**Student:** 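For reference, the structure I am asking about is given below.
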Amino acid sequence: MALRTHTCGELRKSDVGQAVQLAGWVHAYRDHGEIVFVDLRDRAGRTQMVFDPESGKELCEQAARLRREDVVSITGTVSERTGGVNPKMPTGEIEVMATGLEVLNKAEAPPILPDDQAGEAAEEHRLRYRYLDLRSQKMQHIIGTRHRVLQLMRSYLAERGFWEIETPFLCRSTPEGARDYLVPSRIQAGRFYALPQSPQLFKQILMASGCDKYMQIVRCFRDEDPRADRQAEFTQLDIEMSFVEQQDVMDLMAGLYSAVWQEVLGVEIGEIPVMAYADAMERYGIDRPDLRFAVELKDIGDLAGKTDFRVFTEVLKSDDGVVKAICVPGGASMSRKQIDGLAEWAKQQFGAGGVPTCKVGANGTLEAGISKFLGDVAPDLIQRMGANEGDLICFACGTFAMASQVLGELRVKLGRELGLIDESQWKFVWITDFPLLHWNEEEERWDSPHHPFTSPVPEQLEQLESDPGSVLSRAYDLVLNGSEVAGGSIRIHRTDVQQRVFNLLGIDEAEAKAKFHFLLDALRYGCPPHGGIAVGLDRTIMHLTGTDNIRDVIAFPKTLTGMDLMTQAPSEVDPAQLEELHVRVVEEEEGE
RNA sequence: GGGGCGGUAGCUCAAUUGGUUAGAGUACCGGACUGUCGAUCCGGUGGUUGCGGGUUCGAGUCCCGUCCGCCUCGCCA
């Protein structure tokens, strides 16, 4: 009565002689007339089933009608392969001589085939027929890995005293941060819940609640435009701890990532270095440096000032003008067209003026590009950049932020395109000592780079009002190969400090009370010092499975326009539903 | 909201400066074959070239619009 006794991945030579029953999908069939081979596939693997004249004529004819993705259950006897072993399959030493076949579900010819020899189907098709795509080896491996990582993280933290606690999905909308997904309330007309961007406030309040150590693998929602590594709906491993300092959280995470990398990849990640934010910006132009290759940004303002290159000298006249450069090993082999393309890219992507370059020639000379302006400083420049013959030096000038962004992104772009990155490496780094506040030029006010609940460095509390821009926070980001995989901080646990930070952010006491009264109250009635971190789980799985696409690590993801191509969500809804929710759809006006 | 790339058979792709009847592999259908394992061999079905307009004697190819997918800037406390 049972449909199977074994999976398609487990039979070995030692099982020869056993009567077995396997169930799965027809992955391939090879019909030789008198003898038919069927590769049967399930989650565990593939096993060759053989139908020959000894199996009976009727059975062979039945087997000959099998087609790809038919779902069948086959009984038979495990036997050693008489036609030679297949070293490509773990089950390649055996085959099952069929004695019975039941077609559980005949499949129509599927629009896409798992592991199609013609090549992987376009993502649009893979997403529409996700159940077919998920049958592929690649996707089964990713989903299985994701499962193992989740289990490992849960048990690792449970063993260390963490409680898994669920927090609400229907939440209060928060004023700052990303755009919220809103959920209209039926019972309270005109009011809305928001889906959580993260359980930030709840986990802090759990610390005030005496829960001490909290963890949750939780979905978060941010209504912003997606990217290759960003999805509106994503998963965090959320962690919060009481009575801890920054180092405690960092140590816990180092242990967790070591365990995961060891378990999944067999890789020892070693000690994770720490780099200050200012250092990262200065040397890599970005707060998530990719340390798999050595190229660094250098300030060459002093040298640029000695040249007659007006673009540089003009920039240096302003107070915050800088000139920086990177030396790209072997970059001189790029064509004129490719190099011109860099400037075009920088203009279009960042609104930069361009990317001046020059090539490093023999005997300490500079060639092409802006080399004719650099004659006097060439030796000093080559020395500072550590440049060798055949390298390309790329410059950027403007504000520190602009020059950093252009060269920081250019560094990564060229690193990839010229193969400078050692793909076999795992370069973790902690970025710390972030500024607590960031001046928003457009709106002329202070912003939180992290979030408004991040604690300032205690020693700098005095200068919070006098010199807000100089105050550092107790925040930390974990960066892996140039991507941010986790971020957290020690939180503010005192009402007065929280209110001072709110004030700086332009949230006065009345507004703070209206929007965050529960947090301020929780802090007031005895909240322990606490801190935590949130792990980008999807991104972590991307690294572990070697994909650069977040949709690959999510079973049912959405496209860049927020569509689920399988279910066709979002959809229009029945007017009666809208009425119940007190919601009316406004038609977009023409020409808007 | 901006920039870029793409859409041709169920699927993966090709199609010269705009030029005859839009091809190949695979899937599917039929036939041959007792040891294959990406089986092989023979034959066949299958196309509104995303959609709508335009230029032209003639458009898969050029132009405009639009939809979809991907990459990206802005955005992402």
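Quick caveat: nothing in here was measured; it's all calculated off a predicted structure.
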**Student:** Would you mind pulling out the nucleotide paired to B:A77, Watson-Crick or G-U wobble, both distances under 3.5 Å?
**Tutor:** none
**Student:** Could you give the distance separating B:G23 and B:G47 at their P atoms, to the nearest angstrom?
**Tutor:** 13 Å
**Student:** Between A:D42 and A:R135, does any side-chain N to carboxylate O distance fall below 4.0 Å?
**Tutor:** no
**Student:** For A:R30 and B:A39, is the shortest distance between a side-chain N/O and OP1 or OP2 below 4.0 Å?
**Tutor:** yes
**Student:** Starting at CG of A:D225 and ending at P of B:G74, how long is that distance when rounded to a whole Å?
**Tutor:** 12 Å
**Student:** Using only modelled atom types and a 3.5 angstrom limit, is any donor from either the side chain of A:R222 or the base of B:C75 paired with an acceptor on the other?
**Tutor:** no
**Student:** Starting at the 5' end of RNA chain B and moving along, which residue's nearest nucleotide shows up first, A:N86 or A:G562?
**Tutor:** A:N86
**Student:** Is it true that a side-chain atom of A:D238 and a backbone atom of A:A534 form a donor plus acceptor pair closer than 3.5 Å?
**Tutor:** no
**Student:** If I pick the C1' atom on B:A27 and the same atom on B:G74, what distance separates them, to the nearest angstrom?
**Tutor:** 44 Å
**Student:** Is A:S198 near enough to B:A77 that one of its side-chain N or O atoms lies under 4.0 angstrom from OP1 or OP2?
**Tutor:** no
**Student:** B:G69 phosphate, OP1 or OP2: any side-chain N/O from A:H125 under 4.0 angstrom?
**Tutor:** no
**Student:** Distances under 3.5 Å between protein N/O atoms and the N/O atoms of nucleotides 3-7 of chain B, please, pair by pair.
**Tutor:**
from : atom 1 : to     : atom 2 : distance (Å)
B:G3 : O2'    : A:Q348 : OE1    : 3.4
B:G3 : O2'    : A:Q348 : NE2    : 3.4

**Student:** Both distances under 3.5 Å, Watson-Crick or G-U wobble: report the partner of B:G10, or none.
**Tutor:** B:U26
**Student:** Between B:G35 and B:C71, how far apart are the C1' atoms? Round to whole Å, please.
**Tutor:** 48 Å
**Student:** Between B:C63 and B:G6, how far apart are the two P atoms, rounded to whole Å?
**Tutor:** 12 Å
**Student:** Report the residues that fulfil ring pair (Phe, Tyr, Trp, His ring centres under 6.0 Å) with A:F221, sequence neighbours left out, ordered by chain and then residue number.
**Tutor:** A:F169
**Student:** Using purine N1 to pyrimidine N3 plus N6-O4 or O6-N4 for Watson-Crick, or N1-O2 and O6-N3 for G-U wobble, both under 3.5 Å, which nucleotide pairs with B:U40?
**Tutor:** B:A32
**Student:** In Watson-Crick or G-U wobble terms, both distances under 3.5 Å, what is the partner of B:A15?
**Tutor:** none
**Student:** Return no unless some side-chain N or O of A:K413 is found under 4.0 Å from OP1 or OP2 of B:U72.
**Tutor:** no
**Student:** Are any of the side-chain nitrogens in A:E233 or A:R219 under 4.0 Å away from the carboxylate oxygens of its partner?
**Tutor:** yes
**Student:** Please report the distance separating the P of B:G2 from the corresponding atom of B:C64, rounded so that it comes out in whole Å.
**Tutor:** 16 Å
**Student:** Taking B:U8 as the reference, what is the distance to B:G3 when you measure between their C1' atoms (whole Å, please)?
**Tutor:** 26 Å
**Student:** May I ask you to verify if any side-chain N or O of A:Q405 is less than 4.0 angstrom from the OP1 or OP2 atom of B:G74?
**Tutor:** yes
**Student:** In this structure, how many angstroms lie between the C1' atom of B:C70 and the CZ atom of A:R227, rounded?
**Tutor:** 12 Å
**Student:** If the C1' atom of B:U61 is compared with that of B:G19, how far apart are they to the nearest Å?
**Tutor:** 11 Å
**Student:** Can you tell which of B:C37, B:C70, B:A77 lies closest to the side chain of A:L127?
**Tutor:** B:C70
**Student:** Taking protein heavy atoms under 4.0 Å as touching, what does nucleotides 28-35 of chain B look like 5' to 3' if B marks base contact, S marks sugar-phosphate-only contact and - marks none?
**Tutor:** SS---BBB
**Student:** Look at all strands and tell whether A:L505 reaches a base, only sugar-phosphate, or nothing, counting heavy atoms closer than 4.0 Å.
**Tutor:** nothing
**Student:** At under 4.0 Å, does any side-chain N or O of A:R551 touch on OP1 or OP2 of B:C71?
**Tutor:** yes
**Student:** In whole angstrom, give me the gap between the P atoms of B:G60 and B:U55.
**Tutor:** 16 Å
